[in-house]
Each structure stands twice: as structure tokens, then as C-alpha cells.
Amino acid sequence: MSDARRSPYVESTIIMTTVRVIAPFVMTYGLFVMFHGAKSPGGGFQGGAIVGALVLMLAFAFGADPTREWVNQRVVVGLLVVGVATFVGIGLATMALRGSFLEYAVIAGAKSSKYAIELIELGIGAIVSGVITSLFFLIDAGFDVEADAADAGGETPEETPGEPSSGEVGS
Amino acid sequence: MAPTPVEAGLLVVILGSALATAVLRDVLGSIIAFSAYSLGVAMLWVVLRAPDVGLTEAAVGAGVMTILLLLTIAKTVRPSEDRVLASFDPKTLVLVAAFVLALGATVPALPAVGSPDAPVVSSEVSQYYLDHAYKDTGVENVVTAVLAAYRGFDTLGEAVVVFTAGVAVVAVLKREVTA
């Protein structure tokens with residue numbers, strides 16, 4: 001039991017220095033994969049996974065709690081919404097221009113469909129990286145075996161629906 | 001068609017790490033073996049000229065999945081035992097062997113890798129995409145053209161599935177964490 005409460009984080013100068021050096025390159029590569037999906041292998045799903053992995057890497061090097069404070073949770077959930085809104089918005093915009101849903105060619109301008117596709121890839125990237133980041137932070141914060149047991153008297157925490165108790169925080 | 005040395009080596013790594021994932025008793029060892037398996041599969045995709053799939057497999061399978069699984073076992077109790085290998089129920093073994101045989105029996109029906117007679121190559125649909133993708137959408141990568149333009153509505157559905165699943169998990173876990 002005591003093993004479960006111990007934080008898995010170990011501070012290491014080597015890991016911190018390495019991550020500090022390669023983090024900008026990983027971010028650039030993630031964005032490259034998202035933007036360049038139209039021309040080379042890649043796209044929103046892959047680029048989003050790389051950007052999400054970057055946040056995991058930072059947490060690995062500097063600890064999950066400082067990283068959680070650094071990455072605003074509202075921004076992460078906002079990313080998900082912005083991603084879906086971009087995709088649906090482009091679809092509706094093409095309909096507003098008297099085309100079919102997601103018929104990019106009706107947007108005026110040279111290579112308009114290419115830019116629309118790249119925008120959509122960015123939206124997908126926002127969704128994927130947001131889901132990965134928030135999953136990571138939630139799994140890291142939750143499931144504290146002893147704290148849960150103490151809170152709920154040895155039972156799994158169960159409460160009346162619609163009334164979350166705000167007093168005790170498990171993490 | 002005989003596999004090239006690279007393919008053969010990758011197959012050995014993949015099969016070996018997959019077996020290790022299944023038979024290792026220690027969960028941490030299993031997760032590491034699973035990560036190696038994912039990395040092997042990602043490299044095999046690249047060798048088979050599917051770099052899009054390889055990228056996803058490497059980032060999600062070998063990277064993110066491993067970290068999430070490691071976090072999970074760090075948060076739970078890990079039984080310490082001296083035995084290295086897990087013990088199996090013979091009935092389970094028979095069932096798994098039958099499943100592998102049934103799946104393996106379908107392999108000879110597949111066309112050879114890179115065969116010019118494969119339905120994917122000779123199909124009119126593939127040829128249409130290859131001929132028209134650039135003119136219709138302006139993107140060079142046909143995979144992206146199919147994903148985002150020809151099958152754009154499907155991809156929207158996929159993105160919404162990821163979004164919905166993520167929001168649902170966040171909502172449920174947030175309740176658990178703050179409860």
C-alpha cells in the first residue's frame with residue numbers, strides 16, 4: 001500500500017537536460033507532421049499524438065504536478081472544443097457557400113481546398129493532443145488507493161448523482 | 001515470397017515481444033515487452049511502405065500507451081512474486097491456439113505483398129483516387145486526400161468519436177478525483 005502512494009517521479013539532471021534540449025524540436029516536428037500531412041506522410045492524428053507525447057515527456061522530466069500547473073486544464077479542454085468546431089465550421093462554411101458539406105472547392109481562392117484540409121488537420125491535431133494530455137493528467141491525479149479508502153470509509157466512492165462534494169480533494 | 005532479412009528480423013522481434021507480453025508474470029515487464037512489440041510493428045509498417053500508419057503506431061502504441069499503462073501500475077498495487085512466467089489454464093491455451101490457427105488459415109488467401117494482381121492495385125477505385133486526387137483536392141498525399149476530402153465526413157465522425165470518448169472519460173474521472 002505504501003508503494004502505491006509514493007510518487008513515481010524521480011528527479012534526474014540528465015533527463016531534465018535532455019528533455020529541455022529536444023522539447024522544441026519535438027514540438028516543431030509535431031506541428032510539421034500536422035501541417036505537412038497534405039504533402040508527406042502524417043496528418044492531424046499523428047501530429048496530435050506527437051504534441052501530446054511532448055507534454056507527457058515534460059511531465060516525465062519535471063514531474064506531473066509542475067507540468068499540470070504549467071499547462072492550463074481549461075485550455076486543454078478548450079482545445080478539444082476548438083478542434084471539433086474547426087472541422088464542423090469548415091463543413092458548414094462550404095454549405096453556406098452553396099456547396100455540399102465539406103465540399104472545399106467552393107471556397108474562393110487558389111488551392112483553397114488544400115488550405116481547408118490543412119486547417120482540418122490542425123483541428124484533428126488539437127483534439128488528439130488534448131485528449132492525450134487530459135487523460136494523462138487525470139490518470140496521474142486519480143486512483144490514489146489510500147486517499148480513496150480514507151474518503152469513502154474503505155468503499156469505492158459513491159455519491160448521490162448531481163451532487164459532487166467539493167470539500168475533500170483526492171489528489 | 002520469401003521475406004527480406006529486415007522483414008524476417010522484424011517479424012522475430014514482433015513475435016518474440018508479443019509472446020513475452022503474454023507470458024511474463026510481472027506487469028511492468030509485460031508493459032515494456034508490449035512497448036517493444038509496438039515499436040517493431042511501427043517499423044514493419046514503414047518497411048511495408050505505410051509510413052502514415054507507422055507514425056501513429058510509434059507515437060500512440062509505443063509512446064503514449066506505454067506511459068499511460070506505467071502510470072496506471074504506479075497508482076495501483078503491484079504484486080511481487082518470484083515466478084518469472086505466468087501460469088496458464090490448458091483450456092485457455094487450446095482456445096488461443098484454435099483462434100490463431102483459424103486466423104492463420106486465412107493468410108494464404110491474401111495476395112502477396114506488392115503483387116500487381118492485388119485487388120487494391122487493380123481496382124478502379126484506387127486508380128480513380130490516384131488519377132484525380134491532386135486535381136480535385138490540391139494535396140499531394142493521396143492518403144490525406146482520401147481521409148480529409150473524399151471521406152471527409154467519415155473523418156469528422158472519427159474526430160467526434162475521439163472527442164466524445166475523451167470528454168466522457170474526463171467527466172467521469174474528474175468526478176472520481178474530486179469526490
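Quantities reported herein were computed from a predicted structural model and do not represent experimental measurements. Keep in mind that the numbers below use all heavy atoms, side chains included, and drop hydrogens, waters and symmetry copies. A, B, ... follow the sequence lines: proteins, then strands. Residue 1 opens every chain.
The contact between A:K111 and chain B is made entirely by side chain atoms (from C-beta outward), counting heavy-atom distances below 4.5 Å. Of the atoms belonging to B:V143, not a single heavy atom falls under 4.5 Å from chain A. Only the side chain of A:E121 has a heavy atom closer than 4.5 Å to any heavy atom of chain B. Contact annotation for A:L80: both backbone and side-chain heavy atoms come within less than 4.5 Å of a heavy atom of chain B. With a 4.5 angstrom heavy-atom cutoff, A:F136 touches chain B via backbone and side-chain atoms both. Only the side chain of A:V33 comes within less than 4.5 Å of a heavy atom of chain B; its backbone N, CA, C and O stay farther away.
Ranked by heavy-atom pairs under 4.5 Å with chain A, the first of B:A59, B:A165, B:A149, B:G166 is B:A149. Ranking B:L55, B:L147, B:V160, B:V169 against chain A, the residue ahead of the rest is B:L55, based on heavy-atom pairs under 4.5 Å.
In this structure, A:Y115 places its OH atom where only 12 or fewer heavy-atom neighbours from other residues, nucleotides or ligands lie under 6.0 Å away.
Separation of atoms CG (B:L24) and CD1 (B:I32) is listed at 9.5 Å; rounding is to 0.5 Å.
Within the 4.5 Å cutoff, no side-chain heavy atoms of B:L19 are placed close to those of B:L15.
Using cut-offs of 30° and 60° on the angle between ring planes, the pair B:Y150 and B:Y129 is tilted.
Criterion: ILVMFWY side-chain heavy atoms under 4.5 Å apart, direct or through other members. Under it, A:I90 and A:F35 are part of a common hydrophobic cluster. In the hydrophobic clustering of this structure, A:I124 groups with B:L156; members are Ile, Leu, Val, Met, Phe, Trp, Tyr whose side-chain heavy atoms approach within less than 4.5 Å, directly or through other members.
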